[in-house]
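Reviewing the structure listed below.
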Amino acid sequence: MRNIMFCGNSKVFDGVLTCMLSIFKRTQTKEAFEITILTMDVSHLNPAYTAIDDKMISFLDGVAKKYNSENCVRKIDVTEIYKKEFANSPNEQCYCSPYTLIRLFADLIPGMPDKFLYLDIDIMFNKDICMLYDIDITDYEYAAANDHYGKYLIRPDYINAGVLLFNLNKCRQTGLFEKARNQIKTKKWLFADQDALWHSTTKKKIISQKFNDQKFLWPNWTVVRHFSKRLFWLPYPHTANIKQYHVTKVHTVFKYDQFDDILYEYIYLKGVFENQ
């Protein structure tokens, strides 16, 4: 069983569906995938911060099972854990959303697998996920690629937390998640969970940028394209936050066609879901 984790609110459908499809369509393994989505209701902070409903999970599970009948998609509601751990913390109104924080509960959730791959929802696989998932992390808490900008602006070993291959046993031994949660509770960080993880790490494995490329897509090299916010220099310096499900911009701005088979199926499936 290959274990994947996402986190998010009721708005993550497009990202999770496109990322899932990229995994299934680019992967040769016959092993099943268990996809866990951590969610919660913190609508007191923002009306949009509602938990993923069962209808969405059921639909995503049905899509996964079309590729392998043993695949499954499940949700775990961590609202109560969040209230206990992070309510009124300095990072509750962090740069992205409080949903970026809840992966730090992995050691508190019963039944979590020893090895799992955490993914942000703006991820697309250009090549087989096994190239990433099968990396040996026996002696490490996690494997991660450098942050494209942070490796220059912060420190050469600064990581991007959008793709994290975790060794949960090792994390429990070192107390990684507990230390990171304490950082969230006591200090205000610019990049919240990412900074807390990095500062709490005992031993990480830095992997190639091809496993989390936040700026480029090299067709014969890139394994994971991360559609994070990035800097564009032309026609003037500016940032843009183009996601993989912004199909027109993927074609017109990035000029990518590598994901067309995935995006066409996404458009069809989204229509089916919305008409149910």
Side-chain angles (χ1 to χ4, degrees), residues 1-8 10 12-39 51-77 103 106 109-137 142-143 162-169 207 210-212 217 219 222-227 243-245 247 258-276:
M1 182 74 75
R2 308 291 176 120
N3 300 286
I4 311 294
M5 177 195 283
F6 296 105
C7 298
S10 56
V12 301
F13 177 83
D14 301 86
V16 172
L17 178 57
T18 47
C19 184
M20 273 178 37
L21 289 173
S22 75
I23 293 170
F24 300 147
K25 286 181 173 290
R26 297 295 184 263
T27 301
Q28 301 301 314
T29 182
K30 301 300 182 184
E31 280 190 79
F33 288 88
E34 181 172 82
I35 297 171
T36 300
I37 307 177
L38 303 188
T39 191
I52 299 168
D53 63 30
D54 291 338
K55 177 185 174 184
M56 186 183 297
I57 295 297
S58 178
F59 185 86
L60 292 171
D61 184 61
V63 172
K65 283 180 166 50
K66 289 180 180 177
Y67 286 88
N68 184 330
S69 61
E70 295 183 357
N71 286 343
C72 71
V73 177
R74 63 172 184 157
K75 77 170 183 179
I76 297 178
D77 192 310
R103 64 186 130 176
I109 299 170
M112 281 297 296
D114 293 339
K115 185 178 187 180
F116 67 92
L117 178 62
Y118 167 82
L119 299 171
D120 280 354
I121 64 161
D122 53 357
I123 296 292
M124 291 284 271
F125 279 83
N126 183 54
K127 291 185 178 293
D128 196 319
I129 192 175
C130 296
M131 297 173 67
L132 169 58
Y133 197 95
D134 290 346
I135 291 173
D136 184 5
I137 53 170
Y142 61 84
V163 178
L164 294 164
L165 183 63
F166 279 110
N167 175 349
L168 189 53
N169 280 337
I207 54 178
K210 71 182 181 180
F211 294 114
N212 183 359
L217 173 62
T222 302
V223 178
V224 174
R225 175 65 167 94
H226 187 175
F227 288 80
K243 302 306 183 188
Q244 70 270 24
Y245 43 84
V247 178
Q258 288 88 347
F259 301 122
D260 282 358
D261 59 324
I262 298 163
L263 296 177
Y264 292 152
E265 184 166 352
Y266 152 70
I267 291 169
Y268 167 74
L269 290 170
K270 183 175 181 179
V272 172
F273 178 70
E274 290 177 343
N275 288 325
Q276 282 185 349

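For the numbers below, each heavy atom of this structure counts, side chains included, while hydrogens, waters and symmetry mates do not. Everything numeric in this text was worked out from a predicted model, so none of it was measured.
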Next on the checklist: With rounding to the nearest 0.5 angstrom, report the CZ to OG distance, Arg225 to Ser22.
Outcome noted: 13.0 Å
Item to check | Note, Thr36 side chain near Ile109 side chain (heavy atom, < 4.5 Å) | outcome: no
Checklist entry - Are any non-hydrogen side-chain atoms of Thr18 and Met124 less than 4.5 angstrom apart? => result yes
Checklist entry - What distance separates Leu164 CG from Tyr142 OH, expressed to the nearest 0.5 Å? => result 7.0 Å
Item to check | Leu60 and Phe273: CA distance, side-chain angles, deciding distance, side-chain contact (heavy atoms from CB on, under 4.5 Å) verdict | outcome: CA-CA 9 Å; Leu60 292 171; Phe273 178 70; over 6 Å; no
Item to check | Asp61 side chain to Ile57 backbone, donor-acceptor under 3.5 Å | outcome: no
Next on the checklist: Closer than 3.5 angstrom, by distance alone: can the side chain of Asp53 be matched with the main-chain N or O of Ser10 as a donor-acceptor pair?
Outcome noted: no
Checklist entry - Within a radius of less than 6.0 Å around NZ of Lys55, do more than 12 heavy atoms belonging to other residues, nucleotides or ligands occur? => result yes
Checklist entry - What is the ring orientation for Tyr266 with Tyr245, classed by angle as parallel under 30°, tilted 30 to 60°, or perpendicular over 60°? => result tilted
Checklist entry - Side-chain contact, heavy-atom cut-off 4.5 Å: Leu119 with Val163? => result yes
Checklist entry - Can you tell me how far the CG atom of Asp134 sits from the CD1 atom of Ile129, to the nearest 0.5 Å? => result 9.5 Å
Next on the checklist: For Asp128 versus Val223, what's the shortest heavy-atom pair and its separation?
Outcome noted: O-CG1, 4.0 Å
Next on the checklist: For Lys115, is there any backbone N or O sitting under 3.5 Å from a side-chain donor or acceptor partner on Tyr133?
Outcome noted: yes
Checklist entry - Heavy-atom count around Glu31 CD within 6.0 Å, excluding the residue itself: above 12? => result yes
Item to check | Residue pair Thr39 / Ile52: nearest heavy atoms and the distance that separates them | outcome: OG1-N, 3.1 Å
Item to check | Expected output: side-chain Asp122 to main-chain Lys243 donor-acceptor under 3.5 Å | outcome: no
Checklist entry - How far apart are the closest heavy atoms of Leu132 and Leu165, and which atoms are they? => result O-CD2, 3.5 Å
Item to check | Distance (rounded to the nearest 0.5 Å) between Ile37 CD1 and Asp77 CG | outcome: 12.5 Å
Checklist entry - How far apart are the closest heavy atoms of Phe33 and Met1, and which atoms are they? => result C-SD, 3.6 Å
Checklist entry - Any chance CD of Gln276 has more than 12 other-residue heavy atoms, nucleotides or ligands included, within less than 6.0 Å? => result yes
Next on the checklist: Assess the residue pair Asn126 and Phe259 against the criterion (side-chain contact (heavy atoms from CB on, under 4.5 Å)); give the C-alpha distance rounded to whole Å, side-chain angles, the decisive distance to 0.1 Å, and a yes or no.
Outcome noted: CA-CA 8 Å; Asn126 183 54; Phe259 301 122; 4.3 Å; yes
Next on the checklist: I'd like to check Ile23 versus Ile35 (side-chain heavy atoms, cut-off strictly below 4.5 Å). Are they in contact?
Outcome noted: no
Item to check | Check: Leu168 main-chain N/O paired with Asp114 side-chain donor or acceptor under 3.5 Å | outcome: no
Checklist entry - Counting N and O atoms only, with roles assigned by atom type, does the side chain of Gln244 sit under 3.5 Å from a partner on the main chain of Asp14, one being a donor and the other an acceptor? => result no
Next on the checklist: Working to the nearest 0.5 angstrom, can you tell me the gap between Leu269 CG and Glu274 CD?
Outcome noted: 11.5 Å
Next on the checklist: Check this for me, if you would: do Asp54 and Lys75 make a salt bridge, where the nitrogen-to-carboxylate-oxygen distance has to be below 4.0 angstrom?
Outcome noted: yes
Checklist entry - Any sub-3.5 Å donor-acceptor pair from Thr27's side-chain atoms to Phe24's backbone N or O? => result no
Checklist entry - Does some side-chain heavy atom of Phe59 sit less than 4.5 Å from a side-chain heavy atom of Val272? => result yes
Next on the checklist: Using every non-hydrogen atom in the two residues, find where Arg74 and Gly111 come nearest and quote the distance to one decimal.
Outcome noted: NH2-O, 4.4 Å
Item to check | Val73 and Met20, any side-chain heavy atoms less than 4.5 Å apart | outcome: yes
Checklist entry - To the nearest 0.5 Å, how far apart are CZ in Phe211 and CE in Met131? => result 5.5 Å
Checklist entry - What's the shortest heavy-atom distance between Thr29 and Arg2, and which atoms? => result OG1-NH2, 4.0 Å
Checklist entry - Do Asp120 and Arg103 have side chains that get closer than 4.5 Å, going by heavy atoms? => result yes
Checklist entry - Should Met5 and Met112 be marked as a side-chain contact (heavy atoms from CB on, under 4.5 Å) after you check the CA-CA gap, both sets of side-chain angles, and the distance that decides it? => result CA-CA 10 Å; Met5 177 195 283; Met112 281 297 296; 3.4 Å; yes
Next on the checklist: When you compare the side chain of Asn212 with that of Ile207, does any pair of heavy atoms fall below 4.5 Å?
Outcome noted: no
